[in-house]
Amino acid sequence: MFNSIPLLTILALLPLVGALVLLFTKGHIGKLVGLGFALTTTLVGVLAFVLSRSSGLIESTPWIRPIGAYYALEFSGMSAILVLLTVILVPVVFIAEWNVGERPGSRWSTRSFFALALAMQGLALYVFMASDVLLFYIAFEATLIPMYFMVAGWGGDRRGPAALKFLLYSLAGGLVMLVAVAGLYAVGAEQGQISFLFSDLAELDLSGTVGKWLFAGFFFAFAVKAPMAGLHTWLPDAAEQATPGTSTLLVGVLDKIGTFGMIKVCLMVFPEASAWATPVILVWAVVSVVYGAFMAMGSRDLLRFVSYTSVSHFGFMVFGIFAMTTQSLSGSIFYMLNHGLSSAALFLVVGFMVHRRGTAEISAFGGVQKVAPVMAGLLLLAGLATLSLPGFGSFVGEFFTMAGAWQRYPIQTAVITIGMVLSAVYVLSMYRRTMTGPVTPQVAEHIRTDLDTREKAAVVPLIILMLALGFFPTPLLSVADETSVAVMSSSGVTDPAPLLQEGN
């Protein structure tokens, strides 16, 4: 029935069309139209996911014939999981940010915010589904445009410089990647393979110095996006100045492009260079985990706090990716999904707190659970998911990542568990400082209402999803396994033998 319908193209174009339609709507109706397009995209994304379980969804047609570029989309494995995350988060953000254009300091309307978010969503869907590296690169770069305006248009007093810093870092990574894309084309042409398809590029001989340099170009761009310690400084600034909904999409969707690209491009196209760089990358990942955790512990601003927790968690994901076992890869992919959900819940609840109190300073809170118990409860649940408490999907992802990595790198894995301990410290410390104790006069004056129905509707579904994935992870873990098995096979790497053999 659906074989003749370009479902993947429809999925990616729906939010882009929605963004255009919003340009011609006015007032409250614009917000309803935007939410309608976001929910419709969610339905199409879920439909594509269901159909892909019985037969793979692939669309491919020649695009620029002289250079071997294809309009090629694929929906399976890791791609399917990140598409699901993207189509879930956008309507959640719309519900949470329903009145974003009415806040002090907003330059544009809520309708404009929704239009930019839909444009970002459509471009991100192209990134996650592209199976042609040129299409991937164009969509990768294009996502920066709507996100730049979302950071610059709404948020704090220093949102302009924060948006510019985000743009400059991202453009630097993108320009380095462009050189690597051109280098791939040159190597392919030299070897008689004029094609930008990932499947064809994986067949190239990319061993030696050239392959290592091309790998480095792609990895640098993804490390900026992920982000890893040292290349991360744009994220706390952007998260502090942007609206909570913008930060949710930035960390939950766009930053996942970094870890997605490390698997899709680095491991599958450059397996030898990936193995060569792995010792350094694993150390870098450990540093990111520990550094992000300590910075979260020392944060005075709630929004910067959440951003530093993400720096730490991205270190876990990168560590699992380059540990290169089937289990660690599947765990990292599952971790991407659950981190997107937990960071969204944390950003949004923190945003509701900041909106009421008028500041994000942790010291400005205290005793909130006595005046807003629902808000306090949801913050605690989001925090527990962030520290990967058993029962939440993030625990499953973190456990699989660490268990798989232990098989090959036990010493590094033992060191990185420090980050797991520190995550409990920084989350529970933040909760204690903001929610427990006597109600401060400032909190009593500013926080007079608990979460309303709309705010609960934005956060509660995320909590339910994280719990569902914690107790029933197998369906999506099996989807992640599709990519893990493919990566291991294309790289020619096998899992380490069990330490204990059967019968011993």
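Starting from 1, each residue takes its place in the sequence as its number.
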Check: residues 161-170 side-chain donor-acceptor pairs under 3.5 Å, at least two apart:
| from | atom 1 | to | atom 2 | distance (Å) |
| --- | --- | --- | --- | --- |
| Lys165 | NZ | Asp237 | OD2 | 2.9 |
| Tyr169 | OH | Thr233 | OG1 | 2.8 |
| Ser170 | OG | Phe166 | O | 2.9 |

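Residues Ser109 and Ser112 bring a donor and an acceptor atom of their side chains to less than 3.5 Å of each other. Side chains of Ser207 and Asp205: a donor on one and an acceptor on the other come within 3.5 Å. There is a side-chain donor-acceptor pair under 3.5 Å between Gln407 and Gln327.
Nearest heavy-atom pair, Gly173 versus Ala221, reported as atom, atom and distance to 0.1 Å: O-CB, 3.1 Å. Residues Ser491 and Leu267 come closest through the heavy atom pair OG-O, 3.4 Å. The heavy-atom pair separating Leu16 from Ala119 by the smallest distance is CD2-O, 3.5 Å. Leu250 approaches Ala238 most closely through the heavy-atom pair CD2-CB, 4.0 Å. Ala12 and Tyr126 make their closest contact through CB-CE1, 3.5 Å (heavy atoms, listed as atom of the first residue, atom of the second, distance). When all heavy atoms are compared, the tightest approach of Phe260 to Val127 is CE2-O, 3.6 Å.
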For side chain to side chain donor-acceptor pair (under 3.5 Å), just list the numbers for Tyr71 and Thr9, CA-CA rounded to whole Å, side-chain angles, deciding distance to a tenth of an Å, and then say yes or no. CA-CA 10 Å; Tyr71 176 83; Thr9 297; 2.8 Å; yes
Yes or no on side-chain contact (heavy atoms from CB on, under 4.5 Å) for Lys264 and Thr483, after CA distance, side-chain angles and deciding distance? CA-CA 9 Å; Lys264 180 81 173 183; Thr483 296; over 6 Å; no
Test Asp200 against Ser195 for side chain to side chain donor-acceptor pair (under 3.5 Å), laying out the working first. CA-CA 6 Å; Asp200 292 334; Ser195 172; 2.7 Å; yes
Steps toward side-chain contact (heavy atoms from CB on, under 4.5 Å) verdict (Leu125, Val87): CA-CA 9 Å; Leu125 290 174; Val87 300; 4.2 Å; yes
Begin from the C-alpha positions of Ile263 and Met317 and carry the test side-chain contact (heavy atoms from CB on, under 4.5 Å) through to its verdict. CA-CA 11 Å; Ile263 297 175; Met317 296 175 213; over 6 Å; no
Apply side chain to side chain donor-acceptor pair (under 3.5 Å) to residues Ser394 and Ser342 and explain how you reach the verdict. CA-CA 8 Å; Ser394 50; Ser342 63; 5.5 Å; no
Decide yes or no on side-chain contact (heavy atoms from CB on, under 4.5 Å) for Val311 and Met295, but give the supporting numbers first. CA-CA 9 Å; Val311 172; Met295 291 301 292; over 6 Å; no
Trace of the side chain to side chain donor-acceptor pair (under 3.5 Å) decision for Tyr291 with His232: CA-CA 11 Å; Tyr291 171 82; His232 72 285; 3.3 Å; yes
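If you take CZ on Phe270 and CG on Leu214, they are separated by 5.0 Å, rounding to the nearest 0.5 Å. Separating the CD1 atom in Ile95 from the CG atom in Leu348 is a distance of 10.5 Å, to the nearest 0.5 Å. Atom CG in Leu254 sits 11.0 Å away from atom CG in Leu235 (nearest 0.5 Å). With values rounded to the nearest 0.5 angstrom, Leu249 atom CG is found 12.0 Å from Thr143 atom OG1. Distance CZ/Arg111 to OG1/Thr25: 5.0 Å, rounded to 0.5 Å. Note: Ile64 CD1 to Leu135 CG = 10.0 Å, rounded to the nearest 0.5 Å.
The backbone N or O of Leu231 lies less than 3.5 Å from a partner atom in the side chain of Trp234, making a donor-acceptor pair. With hydrogens and angles ignored, the 3.5 Å screen pairs a side-chain donor or acceptor of Ser274 with a backbone N or O of Cys266. At distances below 3.5 Å, not a single donor-acceptor pair connects side-chain atoms of Ser52 with backbone N or O atoms of Ser76. At least one donor-acceptor pair under 3.5 Å links the side chain of Arg159 to the backbone N or O of Gly156. Using a distance-only test at 3.5 Å, with no hydrogens or angles considered, no donor-acceptor pair links the side chain of Trp154 to the main chain of Ala242. Here the side chain of Thr325 pairs a donor or acceptor atom with the backbone of Gly404 at under 3.5 angstrom. No side-chain donor-acceptor contact under 3.5 Å links Arg300 to the backbone of Ile362. Checking side-chain atoms of Ser312 against main-chain N and O of Tyr308 turns up no donor-acceptor pair under 3.5 Å.
Side-chain rings of Phe218 and Phe136 stay apart, their centers remaining 6.0 Å or farther from each other. Taking the six-membered ring for Trp and the full ring otherwise, Tyr70 and Phe196 have centroids separated by 6.0 Å or more.
Using a 4.5 Å cut-off on side-chain heavy atoms (C-beta onward), Phe319 and Val289 make no contact. Annotation: side chain of Met336 is not in contact with side chain of Ile81 (no heavy-atom distance under 4.5 Å). In this structure, Phe347 and Val93 have side chains that are not in contact, with every pair of non-hydrogen atoms separated by 4.5 Å or more. Considering only heavy atoms from C-beta on, Val265 stays 4.5 Å or farther from Phe219 through its side chain. Considering only heavy atoms from C-beta on, Glu74 stays 4.5 Å or farther from Leu57 through its side chain. Proximity of Leu11 to Met129: side-chain heavy atoms (C-beta onward) are separated by under 4.5 Å at one or more points. The side-chain heavy atoms of Leu14 and Phe37, taken from C-beta on, include a pair separated by under 4.5 Å. Proximity of Phe128 to Val253: side-chain heavy atoms (C-beta onward) are separated by under 4.5 Å at one or more points.
A cation-pi contact links Lys225 to Phe140, judged by a cut-off of 6.0 Å to the six-membered ring centre and 45° from its axis.
Surrounding CD of Glu361 are more than 12 heavy atoms belonging to other residues, nucleotides or ligands, all under 6.0 Å away. By the neighbour-count criterion of 12 heavy atoms within 6.0 Å, atom CZ of Phe198 is densely surrounded, having more than that number from other residues, nucleotides or ligands. Residue-environment remark: CD1 (Ile411) stays at or below the threshold of 12 foreign heavy atoms within 6.0 Å.
Checked against Leu303 for a side chain to side chain contact (heavy atoms under 4.5 Å, CB included), the options Val350, Thr243, Leu346 give a single hit: Val350. Between His339 and the choices Glu398, Lys256, His313, the side-chain hydrogen bond (donor to acceptor under 3.5 Å, both in side chains) rule is met once, by Lys256. Looking at Ser332, Ser489, Ser328, Ser330 one by one, the single match for side-chain hydrogen bond (donor to acceptor under 3.5 Å, both in side chains) with Ser484 turns out to be Ser330.
Within the structure, the salt bridge (charged side-chain N to carboxylate O under 4.0 Å, His left out) test picks out the following pairs touching residues 239-250 (sequence neighbours left out): Arg158-Glu240, Glu240-Arg304.
The aromatic rings of Phe49 and Phe75 sit perpendicular, their planes meeting at an angle over 60°, well past the 30° parallel limit.
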